[in-house]
Amino acid sequence: MNPNIPRRGFLKSTAVAGAGTAIARYGRLASVLGAGVAPQIATAAATKPAVLGGTPAHQGGFPAWPVYDEREESALREVLRSGNWFRGSGQKVAQFEEAYAKLIGAKHCIATANGTSALHASLSGLEVGPGDEVVIAPYTFIATLNVVLLNYALPIFADTDPESFEVDGRKIGAAITERTAAIIPVHLGGNPADLDTILEVAGRRKIPVIEDACQAWMAEWRGRKVGSLGKTGCFSFQASKNLNAGEGGAVLTNDDELAEKIYAFHNNNRARRVTGYNFSYRGTRGANLRLTEWQGAMLLAQLTRLEPQSRTREQNAQYLTAQLRQIPGILPAKMYPGCTRNAYHLYMFRFKAAEFGGGMSRANFLKALSAEGVPCSPGYTPLNKEAFVKAAVASKAYQRIYPAKLLADWEARNRCPANDKLCDEAVWFTQPMLLGTRKDMDDIVTAVRKISAHASQLTSA
Ligand SMILES: *Cc1c(COP(=O)(O)O)cnc(C)c1O
């Protein structure tokens, strides 16, 4: 008998269900609960799932996001009263750039209006444009792709390593051609992509790497912060992100010349360290992608919370992984050996229906988990198969720029079967949930164990 199931709970279920059924049910419970399960989790997991009318495993929600107090209020009041509301007049954006470059360990930081514009400015700074190919990860937020299409470059998707949810570094070499002008790996969910493999293949072929670190503030690869290892690293400070100013972004680079080009691009071709009305231009193309002083002040305030919040997320995520990996069919995202810190923008795992058992689908699992008071999401759909991407590549502009044969072969080059499968199996929790208590994490584990124990009853829930 499993010593972790209290005898009283066992007797109670025996009395209700009759010995035969109870023993059959207990056999199932014992196998899914396994050894080493905390007694309170084992007891709660034996109760009826919420989707069948039981009490939800978790009550009261998870921590609210955004997090702010007097620090943010006084920062915004200071900007208001100064009358310096844009970076040309105030110092908040410049102060943030200096602090963030130092924190991430890069020589230069150029703050931008958002993460999309950070990626856009990187591609422009590197002069990636029509006729070029850019190798990107297919398991990502749409912005990674959009900036490639904005520059009329041809996106080439390298398949995902489903174990890590990150682009498979070993697949990048085969995606490279003489047209490849940049590689954009994404540290999706805050989990660093395999930078050893990616930087090695890129270095060998002399192709710049733009790290999409828009979900990976404070994540580390071999002790160095991600976003400082590629030619550029791009960050987002959008409202859902771990560092939040409503909207905002940054490009980091160690390359002096590139930093000047990116600065000028984001400031309508006007060079750095020029104040007032300066109409001497540099660069080729430009736009206004500047961050405001409001956002600079917000980011300086929010930055004081980043390390303690990152630590809480990391501790909770590590605890969740230790617990959830014991449940058959639940596979938390793997980290590569070079990962020394995960930023956990998302908590990601795969739901393997066959191993979870009971004939339960992911859709039913998500529904049952939500009913337990645990918000969850199926995550991204395959970007490379989106109709709009095919339409963009088939558009008049692309037909003018690229040889017909190249476009005709594009779809076949962009099959990502591992990514397709991952999109059918993924489950996400969002980062504010990881700011919760140990009890919140135990409730998540209880909820999953409860569903696991009753999987065969939940196939049509
Ligand atoms: C959020 C995000 C972006 C874009 O950032 P915005 O600030 O929303 O423009 C780009 N890539 C990834 C992976 C992201 O998560």
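Read the numbers this way: they start at 1 and go in the same order the structure lists the ligands and their atoms. No experiment lies behind these values; they were computed from the predicted model shown.
For ligand 1, the atoms lying closer than 4.0 Å to a non-hydrogen atom of T144 are 11 (N). Close approach of ligand 1 to V186 is summarised as follows: ligand atoms under 4.0 Å from at least one heavy atom of the residue are 13 (C). In summary, the atoms of ligand 1 found under 4.0 Å from a heavy atom of T140, numbered by their order in the structure, are 13 (C). For ligand 1, the atoms sitting less than 4.0 Å from at least one non-hydrogen atom of N114 are 7 (O), 9 (O), numbered in the order shown with element in parentheses. Close approach of ligand 1 to C214 (heavy-atom distance below 4.0 Å) involves ligand atoms 2 (C), 3 (C), 10 (C), 11 (N), 12 (C), 14 (C).
For atom 9 (O) of ligand 1, the closest non-hydrogen atom of the protein is T116 OG1, 2.5 Å. Among all protein heavy atoms, the one lying closest to atom 15 (O) of ligand 1 is Q215 NE2, 2.8 Å. Looking only at protein heavy atoms, the nearest one to atom 11 (N) of ligand 1 is D212 OD2, 2.8 Å.
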* Which is it for S117 and N114 under the side-chain hydrogen bond (donor to acceptor under 3.5 Å, both in side chains) test, yes or no, and what are the steps along the way? -> CA-CA 5 Å; S117 55; N114 48 58; 3.0 Å; yes
* To do: Check the pair E257, K261 against salt bridge (Lys or Arg N to Asp or Glu O under 4.0 Å), reporting the backbone distance first and the verdict last.
  => CA-CA 6 Å; E257 173 61 20; K261 279 170 119 171; 5.2 Å; no
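Ligand 1 is approached by K241 to a heavy-atom distance shorter than 4.0 Å.
Relative to the ring axis of Y319, R438 places its NZ or CZ within 45° and under 6.0 Å from the centre.
Between F429 and F62, the ring centre distance reaches or exceeds 6.0 Å.
Smallest separation of non-hydrogen atoms from N84 and V79: O-CG1, 3.6 Å.
Aromatic ring pairs are classed by plane angle as parallel below 30°, tilted from 30° to 60° and perpendicular above 60°; the pair H266 and Y263 is perpendicular.
Side-chain atoms of T292 and Q295 form a donor-acceptor pair, as typed in the model, at a separation below 3.5 Å.
Looking at S236, G190, A143, C234, it is S236 that brings a heavy atom closest to atom 5 (O) of ligand 1.
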